[in-house]
Amino acid sequence: MQTVRQPDALRAAVAAWRAAGERVALVPTMGALHDGHMALVEAAKRAAQRVVVSIFVNPKQFGPGEDLAKYPRKELADSRMLSNAGVDLLWLPPVEVMYPEGFATNVSVSGVSEVLDGAHRPGHFDGVATVVAKLFNQVKPDVALFGEKDWQQLAVIRRLVADLDLDIEIQGVPTQREDDGLALSSRNAYLIPEERAQAVALPRALGLAERAIAKGTDPEAALAQARETLTAAGFAIDYVALADAETLGDPIEGRPMRLLAAARIGGTRLIDNLAVNPAALD
Ligand code: PAF
């Protein structure tokens, strides 16, 4: 695996693959890799001949008071995992390469960015859209893969790609979970054992609400029950909501829906989501 920190070397490697007619996949990450990321890498290997993984802890997507400074950084272990997985190139741009002196551009996707996590983390999705647009331009992949755990992020990126006519296929990869159902996340490392035990209430509450809504329970009643369960388990809730799966606006009959939640246990903010598919129970 090549490890590259400068855009010229990245471009040369990708250009050589393209000249050989090879398809290129990009897996953007912020590092602290876990099995969820490795599922993205495996999907990338199925989607293309060459796989690039980027690791960049993007300061623009962290708000003031968020966990930028303490976000786990594990470059050596990450690099080993990627190399063992058969990744072709690790793109590790320094912050001054991504955001040189004078950098002044902000990519903002309105609508889908403004609700749910966007409302609770102002500027977060602008930071994501800006860095992802840069990564797409730097790597010029045929296909890019993102985890469905960050469902709203995936929806924002799909909107960005459609609106800007970017010729990049976006693949969502299903959430990877611990045996008890907790979604894998780099932020799970912050949980002390007691919080880790309580955290399982998040996927359980969402699972119960999803099944209730799918069976025809009034969504508001199912969401209220989920909020109660989470509060009883010690969570401070940012939101538990049922939304249109694509726009993240209010659900519209006949269109795919998604159940999404964000809540804090101790100092750790966790997110999760599930598809709600009434037809699946017919
Ligand atoms: O999902 C992430 O790890 C990040 O938001 C991403 C897509 C790499 C952008 O920094």
Side-chain angles (χ1 to χ4, degrees), residues 4 10 25-41 43-44 51-63 66-75 77-79 81-82 87 89-99 103 105-109 112-113 116-118 120-139 141 143-161 164 166 168-176 183-190 248 260 262 268-273:
V4 171
L10 171 69
L26 170 65
V27 179
T29 82
M30 297 205 301
L33 303 178
H34 49 65
D35 287 352
H37 296 109
M38 300 323 283
L40 298 179
V41 168
V51 176
V52 176
V53 175
S54 63
I55 297 182
F56 179 64
V57 182
N58 174 31
K60 287 198 183 293
Q61 69 187 76
F62 290 79
E66 290 192 349
D67 55 343
L68 174 62
K70 73 166 184 174
Y71 196 84
R73 286 156 172 90
K74 300 184 172 175
E75 198 177 303
D78 288 349
S79 170
M81 279 170 85
L82 296 173
V87 166
L89 189 148
L90 172 55
W91 172 224
L92 266 177
V95 72
E96 61 277 13
V97 163
M98 291 303 266
Y99 302 123
F103 185 92
T105 298
N106 183 51
V107 179
S108 188
V109 181
V112 64
S113 282
L116 305 176
D117 251 39
H120 285 272
R121 303 182 67 190
H124 168 67
F125 287 121
D126 283 14
V128 170
T130 302
V131 82
V132 168
K134 282 186 67 86
L135 290 167
F136 284 174
N137 275 324
Q138 290 163 344
V139 178
V143 52
L145 298 96
F146 296 86
E148 290 185 351
K149 201 209 82 183
D150 295 285
W151 184 264
Q152 191 173 3
Q153 167 173 282
L154 182 57
V156 168
I157 291 164
R158 286 193 195 282
R159 186 76 262 161
L160 168 84
V161 165
L164 299 184
L166 301 181
I168 301 173
E169 180 194 339
I170 302 300
Q171 274 190 27
V173 175
T175 303
Q176 304 295 303
L184 298 191
S185 164
S186 305
R187 289 190 167 100
N188 291 352
Y190 300 150
L248 279 306
L260 304 103
T268 305
R269 186 173 189 274
L270 300 177
I271 59 172
D272 202 348
N273 69 85

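Quick note: residue numbers are just sequence positions, from 1. All ligand and atom numbering here is 1-based and tracks the order in the structure.
Listed by number with element, the atoms of ligand 1 under 4.0 angstrom from any heavy atom of Pro28 are 8 (C). Ligand-side atoms of ligand 1 in range of Val131: 9 (C), 10 (O), range being under 4.0 angstrom from any heavy atom.
Looking only at protein heavy atoms, the nearest one to atom 10 (O) of ligand 1 is Gln61 OE1, 2.6 Å. Counting protein heavy atoms only, atom 7 (C) of ligand 1 is closest to Gln153 NE2, 3.5 Å.
With 3.5 Å as the limit, one finds no donor-acceptor pair spanning the side chains of Asn58 and Tyr71.
Here the side chain of Asn273 pairs a donor or acceptor atom with the backbone of Lys149 at under 3.5 angstrom. Using modelled atom types, no side-chain atom of Gln171 and backbone atom of Ala43 make a donor-acceptor pair closer than 3.5 Å. At least one donor-acceptor pair closer than 3.5 Å links the side chain of Asn188 to the backbone N or O of Ala183.
Neither the backbone nor the side chain of Leu135 comes within 4.0 Å of ligand 1, counting heavy atoms alone.
One finds the NZ atom of Lys134 at 4.5 Å from the CZ atom of Phe103 (value rounded to the nearest 0.5 Å).
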